[in-house]
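In what follows, chains carry the letters A, B, and so on, assigned in the order in which the sequence lines appear, proteins first and then strands, with residues in each chain numbered from 1. Values reported hereafter were calculated over all heavy atoms of this structure, with side chains retained and with hydrogens, waters and symmetry mates removed.
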Amino acid sequence: MREKIVLIDGHSILNRAFYGVPDLTNSEGLHTNAIYGFLNILFKILDEEKPQYLTVTFDVHAPTFRHEMYAEYKGTRKPMVEELRQQVPVIKEVLQAMDIEIIEQAGLEADDLLGTISRTCEEKGLDVAIISGDRDTLQLATEHVKIRIPKTKQGRTEVEDYYAADVKEKYGVTPTEFIDVKALMGDASDNIPGVPGVGEKTATKIITEYGSIENAYAHAAEIKPPRASKNIQEYWDQACLSKTLATINTHAEIAFDLDAAKHGNPYTKEAHDYFQRLQFKNLLSRFDVETSENEVEAFFHEITEKKEAEKIFEEAGKSETLGAALTEDNGNVLPLFAHPSGYGRLTIAYGKSKVYSIPCGPDMEMDYLFGKLCELAGKVKHFSMFDLKKYLTVVPDAKPENSFDVTVAAYLLNPLKNDYDYEDVAREQLNLMIDEKAEPMVKACYEAYTAYAATGILKEKMQKQGMYHLFTDIEMPLVFTLYDMEQAGIKVEAEALKFYGEQLGGRIVELEKEIYEEAGETFNINSPKQLGVVLFDHMQLPNGKKTKTGYSTAADVLDKLAPDYPIVAKILEYRQLSKLKSTYADGLAVYIGPDGRIHGKFNQTITATGRISSTEPNLQNIPVRMELGRLIRKVFVPKEGCVFIDADYSQIELRILAHCSGDEQLIQAYKEARDIHRMTASQVFHTPFDEVTDLQRRNAKAVNFGIVYGISSFGLSQDLSITRKEAAQYIENYFETYPGIKRFLDDTVAHAKEEGYVVTLFGRRRPVPELKSSNFMQRNFGERVAMNAPIQGSAADIMKIAMIGVNQELKEKGLKSKLILQVHDELLIEAYEDEVEEVKEILKRQMEEAADLDVPLIVDMHTGENWYEAK
DNA sequence: TTACAGCGG
DNA sequence: GAAGACCGCTGTAAC
């Protein structure tokens with residue numbers, strides 16, 4: 001049996017992986033797609049080859065050139081893009097951690113390293129497999145040297161294998177002749193000039209016939225296409241240079257030690273740590289044999305004796321930090337003891353070796369365990385759980401002052417992630433991997449333990465970043481406020497909603513018929529694809545924009561066609577109505593509970609900017625702009641004896657911008673309660689204040705919005721249907737009028753580029769990794785985000801403060817009125833008729849005094865018998 | 001699951 | 001010269 005060595009062309013494979021694997025980023029913002037793809041290929045090769053030796057070669061500094069003189073003559077190659085460049089040192093560290101030999105030698109190309117090592121090993125009697133994405137290496141193939149070229153096709157890597165015979169079969173020439181083919185045809189990517197007028201076909205034909213360029217030159221007169229014949233003679237020097245350039249040096253002076261390349265066990269502890277940091281979950285499974293024994297798991301205990309449990313609760317009550325988890329699994333106790341809440345097990349952790357999981361049972365029913373947890377929640381300094389809001393219904397004694405929601409803390413530290421599960425936090429903060437297939441009891445223990453162990457770490461990180469006050473004073477109290485709001489819910493008239501839906505349905509059927517008639521065919525109007533075909537192919541309407549998959553049928557496109565084509569107007573109406581029916585009429589109805597109310601969810605750990613989001617259903621996008629949609633709000637009603645009070649901030653984001661930028665003019669204007677949009681119009685369009693037209697004011701309003709969104713001339717031109725040039729002029733005028741704003745936005749972007757994040761008035765951070773991207777579009781996006789996030793985020797902070805204040809004061813004063821909805825800059829209260837005046841005073845004061853800015857915060861309020869009237 | 005469309009701030 | 005307003009959620013079609 002011959003021994004085998006695998007040689008990997010590091011940069012070439014990394015490059016392949018980079019372009020073959022979609023962009024991945026770990027939670028630190030490090031790009032990892034090339035590393036991930038590289039490791040996938042590496043493991044695949046190792047599984048297949050099972051080599052005794054393994055080496056990865058790298059160029060010392062990429063890009064380098066085989067022949068410097070030529071590189072200088074031809075100019076330089078493009079520099080490596082940043083996203084790939086940053087991954088190069090990391091893959092080297094990972095390989096080192098896996099005990100894999102890396103060879104790099106200054107002045108030598110990877111090809112020359114591969115060629116030389118390959119030849120040496122073959123002479124020593126080894127089989128060689130060279131892994132490279134570069135077809136140049138095919139010249140190295142022999143009977144014992146196999147060239148393997150990986151290809152990534154739709155997420156799967158397939159490998160093409162070439163021994164010498166395979167090269168001959170596929171290319172019609174031997175590996176040695178392959179060099180001569182290349183010398184003739186050239187290679188632009190390698191800066192090999194070749195012979196003009198000779199492409200792949202001709203080159204192969206010539207070399208198949210004559211074997212080498214030297215022999216071809218000797219018989220130049222006979223060569224078939226006259227152009228090739230002439231050019232080989234005329235460009236003979238260039239052909240020779242090309243051959244030198246194309247030839248891989250197999251006798252380079254390098255120190256290669258076969259013993260050092262011995263391939264051992266790559267699944268080391270260090271490698272495991274790297275894989276965790278890089279968040280390669282599925283690659284980590286390769287380590288499971290080696291790392292399954294985990295120190296913390298040894299301390300996980302299941303407790304079924306009540307006496308023992310009571311001792312533990314007593315001890316736990318004296319601890320400083322208590323992590324807790326409530327889970328559904330009850331260890332299969334009799335259904336008799338199943339609790340209506342669905343929970344069957346309490347797990348607590350209050351020390352590294354103090355992790356106890358207690359299933360409910362005859363002795364300890366779930367209500368008993370809830371009671372104990374409540375007691376503990378009142379005693380310890382940090383009562384820590386994941387997603388605390390979810391459990392407040394069974395742990396009503398928890399208080400904002402000493403509660404620690406791990407999910408919320410993890411969100412504050414990085415609001416860009418999708419999940420903040422205990423698995424994620426354990427991995428990121430504690431460097432702990434949790435087996436997905438673990439027993440429910442073990443998982444519960446991990447959840448409680450992670451809550452316990454991560455609390456101190458997260459707290460310290462928040463303190464370091466100046467966010468701990470945001471956490472304790474805003475986010476934690478808000479958990480409880482949102483819980484109250486969800487519990488309260490909002491009353492919806494189911495009958496009226498149904499009637500509204502039926503009305504829409506009737507009109508939709510009519511429109512459908514008319515549309516089919518005018519189109520001369522039936523089709524699915526809800527399918528943008530089918531609609532595009534009907535309108536722009538069959539009916540030959542002038543088509544504007546296109547999307548990836550076909551014609552755009554978006555409203556702004558159809559709007560332009562509507563005046564000329566009745567069918568388009570009908571489609572627009574159809575779209576509007578079916579949206580209202582499916583999303584709102586039918587969509588909302590399914591959420592009405594037995595109490596006649598909708599209890600939607602308010603999510604605190606979703607948005608990148610700090611806003612709250614609303615789901616199941618989304619109550620933050622109920623129609624209001626169009627009258628027909630707005631009517632839906634009539635079905636949202638206060639309960640018997642109550643009215644709605646709706647309060648919304650007037651232009652809160654622009655006011656925050658005025659405050660943050662310190663722009664004198666804008667601040668003064670707000671202090672004098674002037675019409676900001678009119679004033680902006682007057683300045684930007686050089687028109688006396690009193691002579692500003694409605695159109696000018698509308699445009700100025702759009703500019704003001706644009707500024708908040710991180711203005712661009714393109715975006716503004718789209719919004720206003722004007723040219724880019726005009727939009728750019730507006731913006732220029734705007735910045736001349738308000739130089740403070742220009743300065744503020746520039747400073748904010750500069751800070752973001754420097755630090756990698758932006759920050760709100762109350763210390764909330766948003767990382768902006770896009771600013772480091774090499775992609776123009778991404779970087780521009782990063783700049784807009786940097787300008788917008790502090791403004792939108794500060795507004796969110798202020799609203800949260802107001803919500804907490806309103807909710808608390810209502811409770812403290814013993815009022816029965818309740819805060820029930822938040823829509824970003826608007827609060828809705830269900831107020832008892834005899835409390836209305838007092839509640840209005842509280843609302844206005846709490847909202848307007850939530851923050852002390854250099855400009856006044858103004859709140860507008862309305863009352864009504866339903867949401868339509870109150871808004 | 002992804003793309004498109006459309007509702008809100 | 002590129003492709004774009006910022007932040008969300010839901011429903012439908014089509015893969």
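With hydrogens and angles left out, the side-chain atoms of A:Q651 and A:Y670 include a donor and acceptor closer than 3.5 Å.
Of the candidate nucleotides B:dG9, C:dC7, C:dG4, C:dG4 has the atom lying nearest to any side-chain atom of A:R784. Distance from the side chain of A:T583 is smallest for C:dG11 among the nucleotides B:dC7, C:dG11, B:dA5. The side chain of A:N621 lies closest to C:dC9, out of C:dC9, B:dC4, C:dA5. Looking at the side chain of A:V624, the nearest of the listed nucleotides C:dA14, C:dG8, B:dG9 is B:dG9. Set against C:dG8, B:dG6, C:dA14, the side chain of A:T607 has C:dG8 as its closest nucleotide. Taking the side chain of A:S613 as heavy atoms from C-beta on, and the options C:dG4, C:dC9, C:dT12, the nearest nucleotide is C:dC9. Out of C:dC6, C:dG4, C:dA2, the shortest distance to the side chain of A:F781 is found at C:dC6. Considering only side-chain atoms of A:Q792, the nucleotide from C:dC6, C:dA3, C:dT10 that sits closest is C:dC6. Among the nucleotides C:dC9, B:dA5, B:dG9, the one closest to the side chain of A:I606 is C:dC9.
Judged as a salt bridge (Lys or Arg N to Asp or Glu O under 4.0 Å), and not counting sequence neighbours, the contacts of A:K871 are A:E826.
With respect to A:E486 and A:K389, a salt bridge is recorded, a charged nitrogen being found less than 4.0 Å from a carboxylate O.
Within residues 710-722 of chain A, no residue has a heavy atom under 4.0 Å from DNA chain B.
In terms of polar N and O atoms assigned as donor or acceptor, the side chain of A:R625 comes within less than 3.5 Å of the base of B:dG9 in a complementary pairing.
Using a 4.0 Å heavy-atom distance criterion, A:V785 is classed as a sugar-phosphate-only contact.
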